[in-house]
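Hydrogens, waters and symmetry mates play no part in the numbers below; they use all other heavy atoms, side chains included. Chain A is the first sequence line, chain B the second, and so forth, proteins listed ahead of strands; every chain is numbered from 1.
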Amino acid sequence: MLDHQGDWKKSHGCGNLRASDEGAEVILMGWVHRRREHGGLAFVDLRDSSGICQVVFQEAMSDRVRELGAEWVVALRGKVNLRPKEMRNADMPSGDVEIRVEEMRILNESLTPPFPIESFHQGEVGEDLRLKYRYLDLRRREMQDRMTFRHKVVLEVRDFLSSLGFREIETPMFIRSTPEGARDYVVPSRIHHGMFYALPQSPQLYKQLLMVAGYEKYFQMARCFRDEDLRGDRQPEHTQIDMEMSFVTEDEIFDVVERMLESVFKNVIGQELKVPFDRMSYQEVMDLYGSDKPDLRFGLELSDLSEASAQSEFKAFSGVVENGGVVKGLCVPGGASFSRKEIEELEKSAKTYHAKGLAWMKVEEGGLASGVSKFFGGSAGDSIVKTLGANAGDLILMVGDEWETAATALGAVRNALGRKLDLIKAGDFRFLWVHKFPLFGWDEEKQAFEAMHHLFTLPLDEDLEYLDSDPRRVRGQLYDLVCNGVELASGSIRIHRRDIQEKVMAVVGIDKAEAERRFGFLLGAFDYGAPPHGGIAPGLDRLLMVLDGGDSIRDYIAFPKTLQAKSLMVDSPAPIDEEQLRELSIEIRKKES
RNA sequence: GGGGGCGUAGUUCAGUUUGGUUAGAACGCCUGCCUGUCGAGCAGGAGGUCGCGAGUUCGAAUCUCGUCGCUCCCGCCA
């Protein structure tokens with residue numbers, strides 16, 4: 001039998017009760033976390049959003065307690081008692097007290113949950129089950145803490161940016177589709193037959209228009225939508241701390257972000273963060289770590305072994321160098337003890353990133369041994385050992401290929417080694433600014449240049465002269481913030497002058513007419529005194545994941561989707577009624593195979 | 001679009017390599033006992049479309065093919 005809440009008001013949070021509350025008359029409301037019966041005497045751990053406390057039922061109420069099941073919702077009136085010394089629970093914040101129950105109202109019953117709400121259950125509950133019953137998953141302490149963490153970080157960011165004079169401004173969710181960048185999520189218009197809105201991949205154009213409008217410092221907790229394949233750190237919708245500033249340099253943007261994170265660390269995590277962060281160019285990080293988002297929590301830096309390899313008898317490598325490629329190598333201290341199988345595992349990592357193979361040799365007292373060592377006799381081998389600073393007992397790993405392939409493949413091996421050798425300390429945060437990215441990438445398929453970031457990124461002043469002659473050489477005022485191997489933010493200084501904008505568009509094959517058609521509204525706005533401006537957008541979900549040491553952003557989003565972009569809870573996406581389709585003049589085509 | 005892993009009781013898993021009587025464990029659930037537990041304890045009990053579908057076989061959780069779901073990675077993606 002259920003009771004009504006009546007005129008009872010919740011007086012305390014379960015988790016907040018302390019010894020100082022002794023004697024207080026309280027009314028608690030929450031969920032039955034666990035029940036322990038001892039014949040007449042019974043204990044219930046009552047849980048609400050503040051935590052857990054123990055309530056005691058005397059014999060007179062034992063029949064009512066027996067009705068209760070896990071996750072039933074109850075209201076209890078009783079008195080806070082200090083527990084006898086030997087019965088205090090030091091593992092529980094409220095463990096010094098317990099509630100002697102005088103009256104109970106059962107507010108709702110519950111089915112037995114499909115998985116335990118307690119946090120000590122054996123093993124991890126499957127994520128698909130957690131997502132289907134997300135409202136129960138979110139009940140778990142672990143998830144409540146993550147959502148609290150998210151809230152606190154957002155609050156701190158808002159507070160910090162506001163204090164610097166930033167204004168939070170909302171931009172539309174229904175915008176115009178642009179074919180640049182990621183695939184758009186698209187929304188059909190009912191009023192305009194055959195027309196579509198797009199959901200924003202980011203508020204990019206709007207924040208630039210706000211700069212033209214003279215707002216100077218803008219930010220927004222911006223939901224961003226991208227219809228691309230997902231990963232553990234990529235959801236179809238995610239939240240960015242989107243920022244834009246006028247009259248700024250890269251340095252000033254870095255400074256704002258560093259101080260913002262500094263205050264998040266100080267006021268949310270309670271930790272000092274060392275700023276400013278290190279900076280490296282794209283070329284440097286790729287050369288040293290084989291990744292544009294290196295994990296700096298461990299060393300194992302890459303070296304260039306092209307010269308020595310060219311002189312070696314290893315045809316595969318000397319050929320690569322002859323054709324303009326490079327040979328990258330790294331030294332694994334103590335790695336000579338690796339088994340054949342272990343090395344093959346590492347080779348798999350290299351091959352994933354399209355290396356043809358992973359060459360290796362062991363360093364012994366007398367010289368190089370095993371693997372490809374027979375090709376590296378004499379000075380070539382000596383030179384490699386010297387470059388890598390290798391010692392007896394070490395393992396040398398090498399990849400020869402076109403620069404980017406060699407670097408990324410060996411970078412993948414480096415990451416695998418970091419995990420394998422357990423070099424990554426939990427709770428260590430290594431931030432890094434990566435900047436001076438190339439402005440254009442060469443699209444092999446289309447045989448054309450494309451913008452690496454977006455079309456509005458300003459080239460480095462000193463590279464402007466190569467826009468016409470050698471676009472590959474042009475680097476952008478483009479930057480990423482990286483932490484522990486995760487890309488946390490990305491931004492650029494934008495082009496505010498029409499002449500430079502037209503030149504950049506020309507490189508990627510957009511003529512004036514097409515530019516006008518696609519970006520006319522922005523270019524038009526830029527004709528009315530656009531200030532120099534730039535910005536950045538830290539990914540909130542990723543930031544939370546990295547700061548919390550998690551490994552999936554899904555854990556930091558209340559209602560995430562699966563890798564197939566489905567919600568297992570509401571079962572979306574779903575078909576819509578014929579009637580809805582007709583209103584939109586939309587017909588479903590057969591899937592092309 | 002491509003490659004890898006996983007799918008067995010409500011949950012987490014073992015069993016699959018090498019096919020063989022009635023598919024097990026722990027936790028949870030149900031019943032009873034129990035007045036100081038807090039991952040309570042003790043005794044008893046219920047609970048299975050081995051993801052789904054075909055095939056091979058005297059016989060399939062186990063082998064083969066297909067398919068679905070979740071996940072990790074490449075491509076893609078800021």
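Among the atoms of the strands shown, only primed sugar atoms or phosphate atoms (P, OP1, OP2) are found under 4.0 Å from some heavy atom of Gly232(A). Glu487(A) comes within contact range of at least one nucleobase, with a heavy-atom separation under 4.0 Å. Among the atoms of the strands shown, none is found under 4.0 Å from any heavy atom of Ile52(A). Nucleic acid contact class of Gly181(A) (heavy atoms, under 4.0 Å, all strands): sugar-phosphate only. Across all strands shown, Gly126(A) has heavy atoms under 4.0 Å from sugar-phosphate atoms exclusively, and none from any base. Among the atoms of the strands shown, none is found under 4.0 Å from any heavy atom of Arg130(A).
Nucleotides rA25(B) and rG47(B), compared at atom P, are 14 Å apart to the nearest Å. The C1' atoms of rC34(B) and rG19(B) are separated by 49 Å, rounded to the nearest whole Å.
Counting only residues at least two apart or on different chains, no side-chain hydrogen bond (donor to acceptor under 3.5 Å, both in side chains) pair has a member in residues 410-419 of chain A.
Partners of Asp145(A) according to the side chain to side chain donor-acceptor pair (under 3.5 Å) rule, which considers only residues two or more places apart in sequence or in another chain, are Arg141(A). Listed by chain and residue number, nothing satisfies the salt bridge (Lys or Arg N to Asp or Glu O under 4.0 Å) test with Lys351(A) (two or more places apart in sequence, or in another chain). Residues satisfying the salt bridge (Lys or Arg N to Asp or Glu O under 4.0 Å) test with Arg430(A), not counting sequence neighbours, are none. Asp229(A) meets the salt bridge (Lys or Arg N to Asp or Glu O under 4.0 Å) test with no other residue; sequence neighbours excluded. Residues meeting the salt bridge (Lys or Arg N to Asp or Glu O under 4.0 Å) test with Asp480(A), sequence neighbours left out: none.
Pair assignment for rA26(B) gives rU11(B), based on Watson-Crick or G-U wobble hydrogen-bonding distances that are each under 3.5 Å. Pair assignment for rC70(B) gives rG5(B), based on Watson-Crick or G-U wobble hydrogen-bonding distances that are each under 3.5 Å. Nucleotide rU64(B): paired with rA54(B) (Watson-Crick or G-U wobble, both distances less than 3.5 Å). Pair assignment for rC76(B): none, as no Watson-Crick or G-U wobble contacts are both less than 3.5 Å.
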Dump every N/O contact between nucleotides 34-38 of chain B and the protein below 3.5 Å, one line per pair.
{"from": "rC34(B)", "atom 1": "N3", "to": "Glu37(A)", "atom 2": "O", "distance (Å)": "3.4"}
{"from": "rC34(B)", "atom 1": "N3", "to": "Gly39(A)", "atom 2": "N", "distance (Å)": "3.3"}
{"from": "rU35(B)", "atom 1": "OP2", "to": "His38(A)", "atom 2": "O", "distance (Å)": "3.1"}
{"from": "rU35(B)", "atom 1": "O4'", "to": "His38(A)", "atom 2": "O", "distance (Å)": "3.2"}
{"from": "rU35(B)", "atom 1": "O4", "to": "Glu59(A)", "atom 2": "OE1", "distance (Å)": "3.0"}
{"from": "rG36(B)", "atom 1": "N1", "to": "Glu98(A)", "atom 2": "OE2", "distance (Å)": "2.9"}
{"from": "rG36(B)", "atom 1": "N2", "to": "Glu98(A)", "atom 2": "OE1", "distance (Å)": "2.4"}
{"from": "rG36(B)", "atom 1": "N2", "to": "Glu98(A)", "atom 2": "OE2", "distance (Å)": "3.1"}
{"from": "rU37(B)", "atom 1": "O4'", "to": "His38(A)", "atom 2": "NE2", "distance (Å)": "3.3"}
{"from": "rU37(B)", "atom 1": "O2", "to": "Arg36(A)", "atom 2": "NE", "distance (Å)": "2.7"}
{"from": "rU37(B)", "atom 1": "O2", "to": "Arg36(A)", "atom 2": "NH2", "distance (Å)": "3.3"}
{"from": "rU37(B)", "atom 1": "O2", "to": "Gln54(A)", "atom 2": "OE1", "distance (Å)": "3.3"}
{"from": "rU37(B)", "atom 1": "N3", "to": "Gln54(A)", "atom 2": "OE1", "distance (Å)": "2.8"}
{"from": "rU37(B)", "atom 1": "N3", "to": "Gln54(A)", "atom 2": "NE2", "distance (Å)": "2.9"}
{"from": "rU37(B)", "atom 1": "O4", "to": "Gln54(A)", "atom 2": "NE2", "distance (Å)": "2.8"}
{"from": "rU37(B)", "atom 1": "O4", "to": "Arg83(A)", "atom 2": "NH1", "distance (Å)": "3.3"}
{"from": "rC38(B)", "atom 1": "O4'", "to": "Arg36(A)", "atom 2": "NE", "distance (Å)": "3.1"}
{"from": "rC38(B)", "atom 1": "O2", "to": "Gln54(A)", "atom 2": "OE1", "distance (Å)": "3.4"}
{"from": "rC38(B)", "atom 1": "O2", "to": "Asn89(A)", "atom 2": "ND2", "distance (Å)": "3.2"}
{"from": "rC38(B)", "atom 1": "N3", "to": "Arg83(A)", "atom 2": "NH1", "distance (Å)": "2.7"}
{"from": "rC38(B)", "atom 1": "N4", "to": "Arg83(A)", "atom 2": "NH1", "distance (Å)": "3.3"}
{"from": "rC38(B)", "atom 1": "N4", "to": "Met87(A)", "atom 2": "O", "distance (Å)": "2.6"}

Listing time: all N or O pairs from protein to nucleotides 74-76 of chain B that are below 3.5 Å?
{"from": "rC74(B)", "atom 1": "OP1", "to": "Tyr353(A)", "atom 2": "OH", "distance (Å)": "2.2"}
{"from": "rC74(B)", "atom 1": "OP2", "to": "Arg231(A)", "atom 2": "NE", "distance (Å)": "3.3"}
{"from": "rC74(B)", "atom 1": "OP2", "to": "Arg231(A)", "atom 2": "NH2", "distance (Å)": "2.8"}
{"from": "rC74(B)", "atom 1": "O2'", "to": "His354(A)", "atom 2": "NE2", "distance (Å)": "3.1"}
{"from": "rG75(B)", "atom 1": "N7", "to": "Arg231(A)", "atom 2": "NH2", "distance (Å)": "3.3"}
{"from": "rG75(B)", "atom 1": "O6", "to": "Arg231(A)", "atom 2": "NH1", "distance (Å)": "2.8"}
{"from": "rG75(B)", "atom 1": "N1", "to": "Asp229(A)", "atom 2": "OD2", "distance (Å)": "2.7"}
{"from": "rG75(B)", "atom 1": "N2", "to": "Asp229(A)", "atom 2": "OD2", "distance (Å)": "2.8"}
{"from": "rC76(B)", "atom 1": "O2'", "to": "Glu228(A)", "atom 2": "OE1", "distance (Å)": "2.7"}
{"from": "rC76(B)", "atom 1": "O2", "to": "Arg234(A)", "atom 2": "NH2", "distance (Å)": "3.2"}
{"from": "rC76(B)", "atom 1": "N3", "to": "Arg234(A)", "atom 2": "NH1", "distance (Å)": "3.3"}
{"from": "rC76(B)", "atom 1": "N3", "to": "Arg234(A)", "atom 2": "NH2", "distance (Å)": "2.8"}
{"from": "rC76(B)", "atom 1": "N4", "to": "Arg234(A)", "atom 2": "NH1", "distance (Å)": "3.1"}

Side-chain donor-acceptor distances from residues 449-456 of chain A under 3.5 Å, at least two apart:
{"from": "His454(A)", "atom 1": "ND1", "to": "Phe456(A)", "atom 2": "N", "distance (Å)": "3.1"}
{"from": "His454(A)", "atom 1": "NE2", "to": "Gln204(A)", "atom 2": "NE2", "distance (Å)": "3.3"}
{"from": "His454(A)", "atom 1": "NE2", "to": "Arg494(A)", "atom 2": "NH1", "distance (Å)": "3.3"}

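Taking the ring centre of Phe559(A) as origin, the terminal cationic atom of Arg134(A) falls outside the region bounded by 6.0 Å and 45° from the ring axis.
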